[in-house]
Amino acid sequence: SFLGETCRSDPALRVEIESLLQHHERASRFMEEPALHFAAATFVRCGAYAAGQTIGDYEILSLIARGGMGEVYLAHDRQLDRKVALKLIRRGMRSEEIVRHFEREERLLASLNHPNIAQLYGGGVTADGIPFFAMEHVEGQRLDEHCDERQLAPDERLQLFRKVCAAVTYAHQHLVIHRDIKPANIRVTAEGEPKLLDFGIAKLLEPTTSLGGEQTMTFAGAMTPEYASPEQVRGEAMATTSDVYSLGVVLYKLLTGQSPYRTKTNRAEEIARAITDQDPERPSTAIAKSEADSSDNQQSAFRNRKFLRGDLDNIVLRPMPKEPQRPSESAADFSRSLRPNSPGL
């Protein structure tokens, strides 16, 4: 309304301002990133291993990613003639605690064998004593980008998402909580199969406990705040329902293109406050507001609030209540509620 009033006599000016606003929305949050993190990323763009170097049967092709403790390389398995993702502890980070953490991740992956979870191939130690393991290299886009670029309809998004739920259900049945479920950790292959990646901060549950909400552990530190549960951002005890909460956030974004929480910046502390204090809007309401604010009449297929009205609106929000003791809905329950023959779907 402000633009309509101010630019009434100058349509060209309005077009220019709207263009600037759209670019502003897509702009990076460079100034909001902690300076230390930005500097660290600048200094560590080169990996410890160069293309052409060999580690056991693997020839390094390129650096894929680098985190606080480890590096992941694209490598060629010369024995089996296939590409793999090779993960190693970063040089200089080989403390006893980090080695134990790394070996625990390898054991967790070794216990999981599911078509929608990246497969572990094996492990070993470099000539200078650095542990490594090789796993399936998933060539594909992150889940949200795959859906948006192909403008998948809501029911197609639900079909993909239910496969992710199946992977999480399998991990929970094997007493593993992922703790970092987000679109970036779900890659969709060229064949259209989603693969759950990165169990680096996963946790093995005590086998003596049952598969209900009482399976808990304390956790603080590494996480992605935007997809974390209230208990996770508070550093409290976590359960399998914490992963289900993150699944709810992922589904909300897949169906609406938005986060369930409203923040002015991307600062972790502000996102954490929103997660613990804000009640998410109904997905259909969020889409209606987005459409009202948009100057683009060509809405994507998934921006159809009629599809979300009713049961699905409620189902998407079901894993995200604020109370610490949420209903112990499992990933399997969540997935079943999204089946095409479920009421309202």
Side-chain angles (χ1 to χ4, degrees), residues 55-58 64-65 70 72-89 99-125 131-143 146 159-212 215 217 238-244 246-247 250 330-336 338:
I55 298 173
D57 292 324
Y58 306 103
I64 297 176
V72 182
Y73 293 86
L74 177 63
H76 177 239
D77 183 340
R78 296 183 298 178
Q79 185 174 10
L80 297 176
D81 192 23
R82 62 184 176 184
K83 289 182 180 179
V84 301
L86 201 65
K87 186 167 185 176
L88 304 95
I89 293 177
V99 169
R100 282 197 303 270
H101 177 96
F102 189 86
E103 292 173 344
R104 180 182 61 81
E105 181 184 356
E106 183 179 2
R107 288 195 300 273
L108 289 178
L109 287 168
S111 71
L112 304 177
N113 183 15
H114 188 275
N116 298 113
I117 295 177
Q119 182 182 355
L120 177 73
Y121 291 148
V125 179
F132 70 87
F133 60 81
M135 59 187 302
E136 177 184 4
H137 172 57
V138 181
E139 295 189 48
Q141 289 179 295
R142 48 184 280 168
L143 178 64
H146 173 88
Q159 186 177 2
L160 273 177
F161 180 77
R162 292 192 64 233
K163 290 184 178 183
V164 177
C165 288
V168 175
T169 297
Y170 177 88
H172 290 175
Q173 289 170 343
H174 286 74
L175 305 179
V176 175
I177 295 181
H178 188 283
R179 302 200 297 188
D180 196 20
I181 295 173
K182 57 185 178 181
N185 282 340
I186 305 163
R187 296 278 168 169
V188 184
T189 68
E191 295 74 31
E193 285 295 315
K195 295 271 190 177
L196 184 59
L197 312 175
D198 199 353
F199 282 77
I201 65 169
K203 178 69 177 181
L204 184 63
L205 296 164
E206 293 298 328
T208 54
T209 56
S210 65
L211 258 182
Q215 294 182 319
M217 75 288 295
M238 292 176 60
T240 51
T241 49
S242 301
D243 275 353
V244 181
S246 298
L247 285 171
V250 171
S330 68
D333 293 334
F334 191 31
S335 178
R336 277 192 292 271
L338 297 167

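These numbers come from the heavy atoms of this one structure, side chains and all, not from hydrogens, waters or symmetry mates. What you are looking at is a predicted structure, and each value in this text was computed from that prediction instead of being measured.
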Is the shortest heavy-atom distance from the side chain of [X] to the side chain of [Y] under 4.5 Å?
X    : Y    : result
H114 : L112 : no
T169 : S335 : no
S330 : T240 : no
L247 : F161 : yes
Y58  : F132 : yes
K163 : E193 : yes
I55  : L86  : yes
H146 : L160 : yes

Which heavy atom of [X] sits nearest a heavy atom of [Y], and at what distance?
X    : Y    : value
K83  : E139 : CD-OE2, 4.0 Å
R179 : D243 : N-OD1, 3.0 Å
A118 : L109 : O-CD2, 4.3 Å
A184 : R142 : CB-NH1, 3.7 Å
V250 : P183 : CG2-CD, 4.0 Å

Between [atom1] of [X] and [atom2] of [Y], what distance do you get to the nearest 0.5 Å?
X    : Y    : atom1 : atom2 : answer
D198 : I186 : CG    : CD1   : 11.5 Å
Q173 : L175 : CD    : CG    : 9.5 Å
H137 : R187 : NE2   : CZ    : 9.5 Å
N185 : L143 : CG    : CG    : 11.0 Å
K182 : L197 : NZ    : CG    : 11.0 Å
F334 : R162 : CZ    : CZ    : 11.0 Å

Would you confirm whether [X], through its side chain, and [Y], through its main-chain N or O, come within 3.5 Å as a donor-acceptor pair?
X    : Y    : result
N116 : K195 : no
H178 : H172 : no
Y121 : A85  : no

May I ask you to check whether over 12 heavy atoms, not counting those of E136, lie within 6.0 Å of atom CD?
yes
Apply side-chain contact (heavy atoms from CB on, under 4.5 Å) to residues K87 and V72 and explain how you reach the verdict.
CA-CA 4 Å; K87 186 167 185 176; V72 182; 4.0 Å; yes
